[in-house]
Amino acid sequence: MPMPAVKSYDAKLDSKKRITLRNVDYEYYHVEEFTDGRILLEPRELTKPFQVSANTLKMMDSSMENFNKGLASEPIDLSAYEDII
């Protein structure tokens, strides 16, 4: 059973073949057009949350190589912060 509509209204293409969505909660949408004429819009975030950049991954790989070679600093004493945790 399909979900009931929250809003329902008719829209018309403007002279530049655009449709205006009214009172939307999102700025970006993923669009899928089907052969039967249906158009599906799904809200999208353009940034991928929790994604680690290629540069950061490269730096982490380099750090692990150095660690495995024994090229690492002495351990840091964090005992002063034990009462915070």
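All heavy atoms count here, side chains included; hydrogens, waters and symmetry mates do not. For the single chain, residues carry numbers from 1 onward in sequence order.
Side-chain polar atoms of N55 and S53 form no donor-acceptor pair below 3.5 angstrom.
The environment of Y26 atom OH is sparse: at most 12 non-hydrogen atoms of other residues, nucleotides or ligands sit within 6.0 angstrom. Counting non-hydrogen atoms of neighbouring residues, nucleotides and ligands closer than 6.0 angstrom, the CD atom of E27 reaches no more than 12 such neighbours. By the 6.0 Å contact criterion, NZ on K7 is enclosed, its count of non-hydrogen atoms from other residues, nucleotides or ligands being greater than 12. D36 CG: more than 12 foreign heavy atoms inside a 6.0 Å radius.
Between E32 and R38 there is no side-chain heavy-atom pair separated by less than 4.5 Å. Annotation: side chain of F34 is not in contact with side chain of I39 (no heavy-atom distance under 4.5 Å).
Residues forming a salt bridge (charged side-chain N to carboxylate O under 4.0 Å, His left out) with R22 (at least two apart in sequence, or on another chain): none. The salt bridge (charged side-chain N to carboxylate O under 4.0 Å, His left out) test applied to E74 returns no partner, not counting sequence neighbours.
Atom CG in D14 sits 6.0 Å away from atom OG1 in T20 (nearest 0.5 Å). How far CG of L40 is from NE2 of H30: 7.5 Å, rounded to the nearest 0.5 Å. Within the model, atoms CG of D61 and CG of N66 stand 11.0 Å from one another, a figure rounded to the nearest 0.5 Å.
Summarising the hydrophobic clusters (Ile, Leu, Val, Met, Phe, Trp, Tyr; side-chain heavy atoms under 4.5 Å, direct or chained), the residues clustered with F67 are M64.
V24 and Y29 make their closest contact through CB-OH, 3.3 Å (heavy atoms, listed as atom of the first residue, atom of the second, distance).
Taking hydrophobic clusters as Ile, Leu, Val, Met, Phe, Trp and Tyr residues chained together by side-chain heavy-atom distances below 4.5 Å, Y28 does not share a cluster with L21.
Judged by distance alone, the side chain of S63 and the main-chain N or O of M59 form a donor-acceptor pair under 3.5 Å.
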